[in-house]
There are 2 protein chains.
Amino acid sequence: MLYFNEMATVKKKKKTDGAEEKILSAARKLFTEKGFDAVKTRDIAKEAGINLALLNYYFRSKENLFVIIMKENMAKFMEVITKIVDNEETSLEQKIEVLVANYIDILSVNPDMPLFVIRNSRIDDQRMKMRGKFMNSYFMEQVQDSIKKGKIENINPANLILNIVGLTIFPFVAHRMFQSANGFTQKEFNELMQERKKLIPKWIEAMLKVK
Amino acid sequence: MLYFNEMATVKKKKKTDGAEEKILSAARKLFTEKGFDAVKTRDIAKEAGINLALLNYYFRSKENLFVIIMKENMAKFMEVITKIVDNEETSLEQKIEVLVANYIDILSVNPDMPLFVIRNSRIDDQRMKMRGKFMNSYFMEQVQDSIKKGKIENINPANLILNIVGLTIFPFVAHRMFQSANGFTQKEFNELMQERKKLIPKWIEAMLKVK
DNA sequence: TTTTGATTTAAACAAATGATTAAATCATTT
DNA sequence: AAATGATTTAATCATTTGTTTAAATCAAAA
């Protein structure tokens with residue numbers, strides 16, 4: 001006479017429903033928003049609606065939890081970038097276009113990510129991989145090729161990357177600078193970013209023609 | 001029979017020589033380098049070679065000391081920008097050139113300043129002023145004028161500023177990203193910035209021709 | 001020389017914060 | 001139902017950190 005109950009109670013041992021997940025969500029939100037130092041373990045516990053000790057029970061420490069979120073964020077980013085940059089089917093121009101569009105789309109949803117990454121120099125290895133991915137990509141081959149063929153001017157690859165990434169990311173880094181008081185509203189800011197999505201590739205192209 | 005002594009002992013009551021100044025210097029260095037949270041009052045005291053309590057004796061609190069440094073930094077920046085941007089004697093192109101060159105020169109000496117400013121959203125009023133200075137400057141008048149005369153394409157002023165500032169400042173923000181391990185040395189980085197000093201104005205000009 | 005007021009110090013306080021502990025609770029198995 | 005092992009809690013610990021206090025020191029004035 002237990003089989004009814006057995007079907008109903010599929011969940012095995014779960015008092016606080018998905019406590020581990022709730023902690024991860026809370027940590028993800030708070031860390032990404034405020035950075036490591038500004039977030040207290042008690043904030044995370046409160047946001048997750050769980051007891052403080054649970055945080056240390058599931059994840060060994062605050063640091064550990066942070067690293068998990070950090071890697072998660074970076075992986076998400078890297079996956080998108082790699083896919084674009086190593087694509088052998090698209091032209092240089094198309095890559096820049098897609099790259100910028102993807103960056104801006106991700107950042108529009110996650111506007112605090114760049115500051116988060118910059119603020120926390122704890123985990124460098126991920127960023128290093130990013131740099132490597134860029135420099136050794138098919139994208140870079142295409143750049144060298146275009147220079148050789150005289151389609152674009154000779155440009156330092158570092159400058160090209162700095163320009164693409166800088167033009168795209170910087171507004172999000174400076175974010176609050178352009179919102180406070182007589183500045184921009186969130187809506188205006190987002191509209192501006194959508195406008196830049198179209199413009200940045202054109203600007204980059206124009207740059208590549210500069211002698 | 002006191003006049004000899006009066007001349008010799010010009011310094012009035014100074015045991016720890018210039019303690020106040022030493023605290024300011026230490027705070028300036030540490031705050032600019034690491035930001036508010038990462039610097040402990042004990043760090044400052046140690047760096048200044050003074051007793052911890054002196055910090056609270058001369059400056060009421062850590063926060064107060066920080067605000068002083070912050071305003072100092074912003075004022076230095078603002079002074080340069082204002083002078084350039086309101087100059088009625090120089091052309092638009094010259095302004096961009098001088099603006100970029102000055103930014104890069106200041107930042108080359110003070111590479112941690114942008115991160116410092118971004119990291120500490122405590123004092124917003126200064127940055128607001130900066131924005132105002134830009135938007136209501138003679139520089140902006142010249143932009144509008146050039147657009148009217150068809151010398152440059154119609155561009156959203158916000159975009160123009162974001163591009164100039166972004167291209168110039170972003171490398172310093174991403175600083176460490178481009179240095180660790182197989183990245184850049186300090187020397188290489190500085191050389192790259194010097195190169196950009198010449199290139200950014202050209203890039204901006206090219207942008208301004210994009211339809 | 002004594003007094004006075006500014007400067008400096010060592011010590012302590014109080015709050016915040018990351019982590020741990022020991023006991024309680026609950027679902028499942030025996 | 002009792003035992004078991006995972007989950008959860010309240011309470012506590014230990015450290016860090018900004019600040020204060022009370023006393024000591026020192027230079028100048030009286």
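Chain naming here is simple, since letters A, B, ... match the order of the sequence lines and numbering starts at 1 in each. Remember, it's a predicted structure, so these values are computed and weren't measured experimentally.
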In terms of relative ring orientation, are B:F66 and B:F31 parallel, tilted or perpendicular, with 30° and 60° separating the classes? perpendicular

Side-chain contact check for A:A53: nearest option of C:dT20, C:dT8, C:dT17 is C:dT20

Value in whole Å for how far the P atom of D:dA6 lies from CD of A:E20: 14 Å

With the threshold set at 4.0 Å, does a side-chain nitrogen-carboxylate oxygen contact exist between B:K34 and B:D43? no

B:N56 side-chain N/O to D:dG18 phosphate OP1/OP2 under 4.0 Å: no

Closer than 4.0 Å, any side-chain N/O of A:T41 to the OP1 or OP2 of C:dG18? yes

For B:K40 and for B:N51, find the nucleotide of DNA chain D with the closest heavy atom, then tell me which residue's nucleotide is more 5'. B:K40

Do A:E191 and A:K187 sit within salt-bridge range, that is, some charged N less than 4.0 Å from a carboxylate O? yes

So, are A:E72 and A:K76 salt-bridged, with charged N and O less than 4.0 Å apart? no

Between A:Y57 and C:dT21, does any side-chain N or O lie under 4.0 Å from OP1 or OP2? no

Which nucleotide in D:dT9, C:dT8, D:dG18 has an atom nearest any side-chain atom of B:A19: C:dT8

Residue met sooner reading DNA chain C from 5', once A:V39 and B:L52 are mapped to nucleotides: B:L52

Side chain of A:Y58, heavy atoms from C-beta onward: which of D:dT19, C:dT8, D:dT7 has the nearest atom to it? D:dT7

Does C:dT3 have a Watson-Crick or wobble mate here (both distances under 3.5 Å), and if so which one? D:dA28

Distance in angstrom units between B:E21 CD and C:dT8 C1', rounded: 18 Å

